Amino acid sequence: MSGELAIRLRGVVKRYGPITAVDGLDLEVPLGTCVGLLGPNGAGKSTTMRMLTAQSIADEGELEVLGFQLPRDSKQARAQCGVVPQLDNLDVSLTVEQNLLVFAHLYRIGRYDRQAAIERSLELANLADRRDTRVDKLSGGMRRRLLIARALVHQPRLVLMDEPTVGLDPQVRQQLWALIDRLRYEGTTILMSTHYIEEAQRLADTVLIMSHGKGVARGKPADLVLEHAGR
Ligand code: ATP
C-alpha cells in the first residue's frame with residue numbers, strides 16, 4: 001500500500017456523455033482517519049463513491065483502495081470494505097437479523113463465526129432488541145442503523161458511507177453520529193460524503209470540498225470553515 005493510505009485517487013475523471021461528473025480528482029484517505037467529501041448536490045460525491053466500489057468505472061486516472069488497483073482488483077478491495085449506500089436497499093421482507101445473515105454469507109464469514117459477527121453488529125447499531133422485527137416495521141432511523149450494521153458485519157478496515165444521514169431528523173442524526181464516532185475510535189477508516197457542513201465538522205478529521213467534480217479545498221473542517229465562512 002502506498003504509505004499508510006486506505007484510498008488514493010490520482011487524476012480521476014468520469015464522464016456521462018457531455019457531463020463530466022468527476023473532473024481530475026485527487027484524494028487521499030490515510031488509514032485510521034475519517035475523511036469527509038463535502039459538496040452540494042451534483043458535485044460528484046456519489047459518482048466518486050460508486051467508482052470506489054467499482055459500480056462505475058473511471059474514464060481516466062488511478063484508483064487504489066486498501067492497496068488494490070481498481071477496477072482490476074475490485075473484488076479483493078470490496079471484500080475488505082463496508083459500503084453504506086445512499087439509497088436504502090434492505091430486504092424489507094426479512095427481519096433485522098436475517099438481513100445481517102444474508103450479508104454474513106455474502107462476505108463469506110465462516111459458519112462458526114457468523115452468529116458472533118451478527119451479535120457484534122446488532123450491538124454496535126443498538127438493534128439487538130429489534131433482531132426479529134421485519135425491516136418494513138422499522139423506523140427510518142433504525143433502517144439507517146441497520147444499513148450501517150450490515151456494512152460492518154465482516155469487520156471491514158474501510159467503510160464508505162454515501163450521505164449516511166440524509167433526510168433524517170436531527171435527533172436520529174445525532175444517534176448515527178454517535179455510532180460513526182464509535183467506529184472512528186475503534187480505528188476503522190471512513191470515507192463519507194455529505195452535504196451537511198455540521199456533519200463534516202462533527203465527524204471528519206479532514207474534509208475535501210468538491211464542486212463541479214473537482215476538489216476545491218482540503219483541510220481540517222474547523223480551518224476550512226474559518227477560511228471560507230469567516231468566524
Ligand atoms: P447528490 O448529493 O445529489 O448525490 P453528488 O455530489 O453525489 O450529488 P453525483 O450524483 O455524483 O453528485 O452527480 C454529479 C453529476 O453527474 C451530476 O451532474 C449528475 O447529474 C451527473 N450524473 C451522475 N450519475 C449520472 C448518470 N448515471 N448518468 C448521467 N449523469 C449522471
Side-chain angles (χ1 to χ4, degrees), residues 6-29 33-65 70-71 74 77-78 81-90 140-141 143-148 150-151 158-170 172-174 176-177 179-180 189-221 224-225 227-229:
I7 295 177
R8 181 176 172 276
L9 303 191
R10 284 284 175 276
V12 170
V13 174
K14 178 69 192 178
R15 299 184 196 91
Y16 294 106
I19 297 169
T20 304
V22 173
D23 193 2
L25 186 67
D26 296 335
L27 169 69
E28 292 189 347
V29 179
T33 66
C34 177
V35 173
L37 282 183
L38 183 66
N41 290 338
K45 307 181 298 295
S46 296
T47 303
T48 302
M49 289 291 190
R50 281 200 301 276
M51 286 190 283
L52 289 169
T53 53
Q55 290 165 280
S56 171
I57 307 295
D59 294 306
E60 290 173 29
E62 295 169 23
L63 295 91
E64 207 176 294
V65 173
L70 302 189
S74 57
R78 270 299 286 267
C81 285
V83 181
V84 182
Q86 191 176 117
L87 293 176
D88 176 338
N89 59 359
L90 294 163
R143 285 174 73 138
R144 275 270 129 193
R145 295 212 302 270
L146 178 56
L147 269 178
I148 297 176
R150 194 185 68 174
L158 169 66
V159 179
L160 305 172
M161 300 190 182
D162 196 0
E163 309 250 9
T165 69
V166 74
L168 297 176
D169 65 48
V172 177
R173 182 167 298 142
Q174 297 278 354
L176 286 174
W177 286 353
L179 166 54
I180 296 168
T189 309
I190 301 171
L191 176 67
M192 58 182 293
S193 74
T194 182
H195 57 249
Y196 300 119
I197 184 125
E198 66 275 29
E199 184 159 278
Q201 266 183 295
R202 168 77 163 67
L203 295 173
D205 298 299
T206 57
V207 166
L208 175 67
I209 299 181
M210 287 188 75
S211 173
H212 301 289
K214 295 184 201 294
V216 292
R218 67 193 76 216
K220 293 192 191 314
L224 287 175
V225 170
E227 208 174 301
H228 292 273

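Atoms within each ligand, like the ligands themselves, are counted from 1 in listed order. What you see is a predicted model, and the numbers here were worked out from it, not measured in a lab. Note that the numbering runs from 1 along the sequence shown for the chain.
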For the pair R144 (side chain) and T165 (backbone), establish whether a donor and an acceptor sit closer than 3.5 Å, ignoring hydrogens and angles. no
4.5 Å side-chain heavy-atom contact, P85 and R150: yes
Under a 3.5 Å distance rule, please check whether T48 uses its side chain to pair with a backbone N or O of G44 as donor and acceptor. yes
Region of R50 engaging ligand 1 - heavy atom pairs below 4.0 Å: side chain
Could you tell me which atoms of ligand 1, counted from 1 in the order shown, lie closer than 4.0 angstrom to a heavy atom of Q86? 4 (O)
Donor-acceptor contact below 3.5 Å, side chain D205 vs main chain T33: no
Protein contact of atom 9 (P) of ligand 1 - nearest heavy atom, named by residue and atom, plus distance: T47 OG1, 3.6 Å
Below 4.0 Å from ligand 1: does a non-hydrogen atom of E163 turn up there or not? yes
Candidate pair S56 and R50, rule side-chain hydrogen bond (donor to acceptor under 3.5 Å, both in side chains), full reasoning: CA-CA 5 Å; S56 171; R50 281 200 301 276; 4.9 Å; no
For atom 12 (O) of ligand 1, grab the closest protein heavy atom and report residue, atom and distance to one decimal in Å. G44 N, 3.1 Å
Give the intermediate values and the outcome of salt bridge (charged side-chain N to carboxylate O under 4.0 Å, His left out) for residues K45 and E163. CA-CA 9 Å; K45 307 181 298 295; E163 309 250 9; 3.7 Å; yes
State whether the shortest distance between N or O atoms of A43 and N or O atoms of ligand 1 falls below 3.5 angstrom. yes
Option among K14, R15, K214 that satisfies the salt bridge (Lys or Arg N to Asp or Glu O under 4.0 Å) test with D23: K214
Is at least one protein non-hydrogen atom found at under 4.0 angstrom from atom 3 (O) of ligand 1? yes
Passing candidate, side-chain contact (heavy atoms from CB on, under 4.5 Å) with M49, options V84, V83, L160: L160
With side chains defined as the heavy atoms from C-beta onward, is the minimum distance between L63 and V65 less than 4.5 Å? no
Minimum-distance protein heavy atom relative to atom 1 (P) of ligand 1: N41 OD1, 3.8 Å
Does G42 reach ligand 1, in the sense of a heavy atom lying below 4.0 Å from it? yes
What protein heavy atom is closest to atom 16 (O) of ligand 1, reported as residue, atom name and distance in Å? A21 CB, 3.2 Å
Residue-ligand contact P40/ligand 1, heavy atom below 4.0 Å: yes
Distance-only, no hydrogens or angles: does the R78 side chain make a donor-acceptor pair with backbone N or O of T53 under 3.5 Å? yes
Nearest protein heavy atom with distance in Å, relative to atom 18 (O) of ligand 1: I19 CG2, 4.0 Å
Ligand 1 atoms nearer than 4.0 angstrom to some heavy atom of K45 are 2 (O), 5 (P), 6 (O), 7 (O), 8 (O), 11 (O), 12 (O)
Take every heavy atom of M210, measure it against each atom of ligand 1, and state whether any distance is under 4.0 Å. no
Please determine whether any non-hydrogen atom of M49 lies less than 4.0 Å from an atom of ligand 1. no
Looking at atom 10 (O) of ligand 1, what's its closest protein heavy atom, distance included? S46 CB, 3.7 Å
Residues R10 and E64 bridged, charged N to O under 4.0 Å: no
Name the closest protein heavy atom to atom 27 (N) of ligand 1, giving the residue it belongs to and the distance to 0.1 Å. Y16 CE2, 3.5 Å
